[in-house]
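Beneath this line is the structure, given in structure tokens, with notes to follow.
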Amino acid sequence: MQNNRGKVPSAPMSEATAHENERNNAPVMPLLGSGRKKRWSHGSLFFSLFFFVPLIISRPLPVELWIFQTLGYLGFVTLYVRAINKPVKTLPTYLLLMFLLSVACSFQNPGGATIIGFIAFIVGYYNSLKTGLISIGVMMLVLVSLHITVFNDAYFLLSASLLNSLVLFGFGVMERKETIHNLKESQQAEALRVLSAIAERERIGRDLHDVAGHALSSISLKAQLADKLISKDKIEDAHREVKALAKLSQTLLSDIRQAVSDIKQLSLIDEIAKDKALLEENGVHVTADISGMAEARLNPKQESQLALIMKELTTNTLRHSNGNAVSLSLEAEERTIKMIYKDHGVIENSTSIKEGNGLVGIRERAASIHADVDISFLPHPIVRVQLTAEQALSQKASL
């Protein structure tokens, strides 16, 4: 019996916890009066002008009635504008005042059914389907009760109010679903950006470790060796080690700068301009045909990798080419983005060529952006990098 008494409270506690978790997990909906929704929310008030249609049809009417209805309409619009700009917790008060005001106007104007629908839309947007259906159900019961007890034979007012409320409630539900979907996509994109940033930091850490670890060990050993040589009066040998130490330090500094430069976003157009100037300074004539549309369709990662590929190709030309001309094109076709680099140097025996770290690195960088790369050597060395437009657009959305 003691065990039973001990277990009884657990059910209500778990149920309460479940309700609390459900409330905590409910998405925070953007205000209807903010961001992209602001223009639509205010623009939809145009349809509330149908409120005056029954009054216009029923002319002539007393001036007092027109004044009362106009004030009622302006009051409703004021409450609506305030409601869509206020936090969700304040909505019940505004919605109740809007409902009472629309009912008060309906005593003399069937057009009150028009503005009741705006309440249903707000309810559908801000609340879960279950809560929204309960709220709309209560509102409809009140409308039916008013029809039976107050609005004698006002079938048009009742049917119009119910139909308008149901339709606009449905629109509010659909808008809520679309907004939640967009919020989830934004959260996933943000999560991917965070993961990408973490991966990039880890990569930079590994690169710096690899670059600096060996060099610093060598610097330490040479410094110790120079110290021992000095203590043994072997000054000439010590000077040689110190010079080697200085060279190692300069190499390390250059490698660290190169690793850090990879952190920055590389502009493909800037890289092409820089490499073109470098080639021309070394007597290589460069012909470039660059499509701005192609660059605009590249996401930051793709642009950086293509810029690094361009840099490697320029380095290969300066080191190994026996030609004096290079042609480069970047173009966007219907479904592809293509970069072609042609070195006009002539290779007599292409079968003896082995791909070194440069060409292997180009293939790896192309693979990292899901691009196809084709390298040929006859009659001239040509590198073609092709990326499909669908891949470019989908990757751009994920960043």
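For this chain, numbers begin at 1 and follow the sequence in order.
Side-chain contact between Thr336 and Glu331: absent, with no pair of heavy atoms (C-beta onward) separated by less than 4.5 Å. Using a 4.5 Å heavy-atom cutoff, the side chains of Phe118 and Ser44 are in contact. Between Val326 and Lys276, every side-chain heavy-atom pair lies at or beyond the 4.5 Å cut-off. For the pair Ser41/Tyr80, a side-chain contact is recorded, criterion being any heavy-atom separation below 4.5 Å from C-beta on. By the 4.5 Å heavy-atom criterion applied to side chains, Val88 and Leu91 are counted as neighbours. Counting heavy atoms from C-beta on, the side chains of Ser304 and Ile369 never come closer than 4.5 Å. Annotation: side chain of Leu308 is not in contact with side chain of Ile362 (no heavy-atom distance under 4.5 Å). When side chains are defined from C-beta on, Phe52 does not count as touching Ile57, because their heavy atoms never get closer than 4.5 Å.
Across every non-hydrogen atom of Met339 and Ile309, the tightest pair is CE-CG2, 4.0 Å. Between Ala113 and Ser106, the closest heavy-atom pair is N-OG, 4.3 Å. Taking each heavy atom of Val123 and Ser135 in turn, the nearest pair found is CG1-CB, 3.8 Å. For His344 against Ser327, the heavy-atom pair with the smallest separation is NE2-OG, 3.4 Å. Closest non-hydrogen pair, Pro54 versus Pro110, comes out as CB-CD, 4.0 Å. Ser161 and Leu143 get closest at one heavy-atom pair: CB-CD1, 3.9 Å.
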Please report, to 0.1 Å, the donor-acceptor pairs under 3.5 Å made by any side chain of residues 67-75, with sequence neighbours excluded.
from  : atom 1 : to     : atom 2 : distance (Å)
Gln69 : OE1    : Asn109 : ND2    : 3.3
Gln69 : NE2    : Cys105 : O      : 3.2
Thr70 : OG1    : Trp66  : O      : 2.7
Tyr73 : OH     : Ser48  : OG     : 2.7

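Following chains of ILVMFWY side-chain contacts shorter than 4.5 Å, one can reach Leu168 starting from Val53, so the two form part of one hydrophobic cluster. Hydrophobic clustering keeps Leu141 apart from Leu133 (ILVMFWY residues linked when any side-chain heavy atoms are closer than 4.5 Å, directly or through intermediates). Ile340 and Ile269 are not part of a single hydrophobic cluster, where members link through side-chain heavy atoms under 4.5 Å apart. In the hydrophobic cluster analysis, where Ile, Leu, Val, Met, Phe, Trp and Tyr join through side-chain heavy atoms closer than 4.5 angstrom, Leu32 is grouped apart from Leu183. With hydrophobic clusters built from ILVMFWY side chains whose heavy atoms lie under 4.5 angstrom apart, Leu225 does not share a cluster with Val242.
Counting only distance, with no hydrogens or angles, the side chain of Asn182 and the backbone of Glu178 share a donor-acceptor pair below 3.5 Å. For Thr90 (side chain) and Pro87 (main-chain N/O), a donor-acceptor pair under 3.5 Å exists by modelled atom type. Side-chain atoms of Ser102 come within 3.5 Å of backbone N or O of Phe99 as a donor-acceptor pair.
Note: Asp372 CG to Arg363 CZ = 11.0 Å, rounded to the nearest 0.5 Å. Here the OG1-CG distance, from Thr315 to Asp275, works out to 7.0 Å after rounding to the nearest 0.5 Å. Note: Met174 CE to Lys177 NZ = 9.0 Å, rounded to the nearest 0.5 Å. Residue Arg384 holds its CZ atom at 5.0 Å from OG of Ser376, rounded to the nearest 0.5 Å. Annotation: the span from Asn127 atom CG to Phe169 atom CZ amounts to 8.0 Å, rounded to 0.5 Å. With rounding to the nearest 0.5 Å, the separation of CG in Asn316 from NZ in Lys311 is 13.0 Å.
For the side chain to side chain donor-acceptor pair (under 3.5 Å) with Asp237, the qualifying choice from His239, Arg240, Lys234 is Arg240, the only one to do so. Across Leu330, Val383, Leu328, a single residue satisfies side chain to side chain contact (heavy atoms under 4.5 Å, CB included) together with Met310, and that is Leu328.
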Between Ile375 and Ile382, is the side chain to side chain contact (heavy atoms under 4.5 Å, CB included) condition met? List the steps.
CA-CA 6 Å; Ile375 302 175; Ile382 301 177; over 6 Å; no
Side chain to side chain contact (heavy atoms under 4.5 Å, CB included) assessment of Leu387 paired with Leu306:
CA-CA 10 Å; Leu387 178 67; Leu306 287 179; 5.7 Å; no
Starting from the C-alpha separation in whole Å, work towards a yes-or-no answer on side chain to side chain contact (heavy atoms under 4.5 Å, CB included) for Thr179 and Tyr125.
CA-CA 9 Å; Thr179 302; Tyr125 174 78; 3.7 Å; yes
Side chain to side chain contact (heavy atoms under 4.5 Å, CB included) evaluation trace for Ser249 with Ile219
CA-CA 7 Å; Ser249 300; Ile219 289 173; 3.9 Å; yes
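Applying the 6.0 Å contact sphere to NZ of Lys37 captures more than 12 heavy atoms from other residues, nucleotides or ligands. Within a 6.0 Å sphere centred on CG of Asn324, other residues, nucleotides and ligands contribute 12 heavy atoms or fewer.
A donor-acceptor contact closer than 3.5 angstrom is absent between the side chains of Thr314 and Lys274.
Taking Thr317 as the reference, Tyr341, Asp343 meet the side-chain hydrogen bond (donor to acceptor under 3.5 Å, both in side chains) condition, with sequence neighbours excluded. Not counting sequence neighbours, the partners of Glu241 by the side-chain hydrogen bond (donor to acceptor under 3.5 Å, both in side chains) test are Lys222.
Taking the six-membered ring where the residue is Trp, the centroids of Phe171 and Phe121 are separated by 6.0 Å or more.
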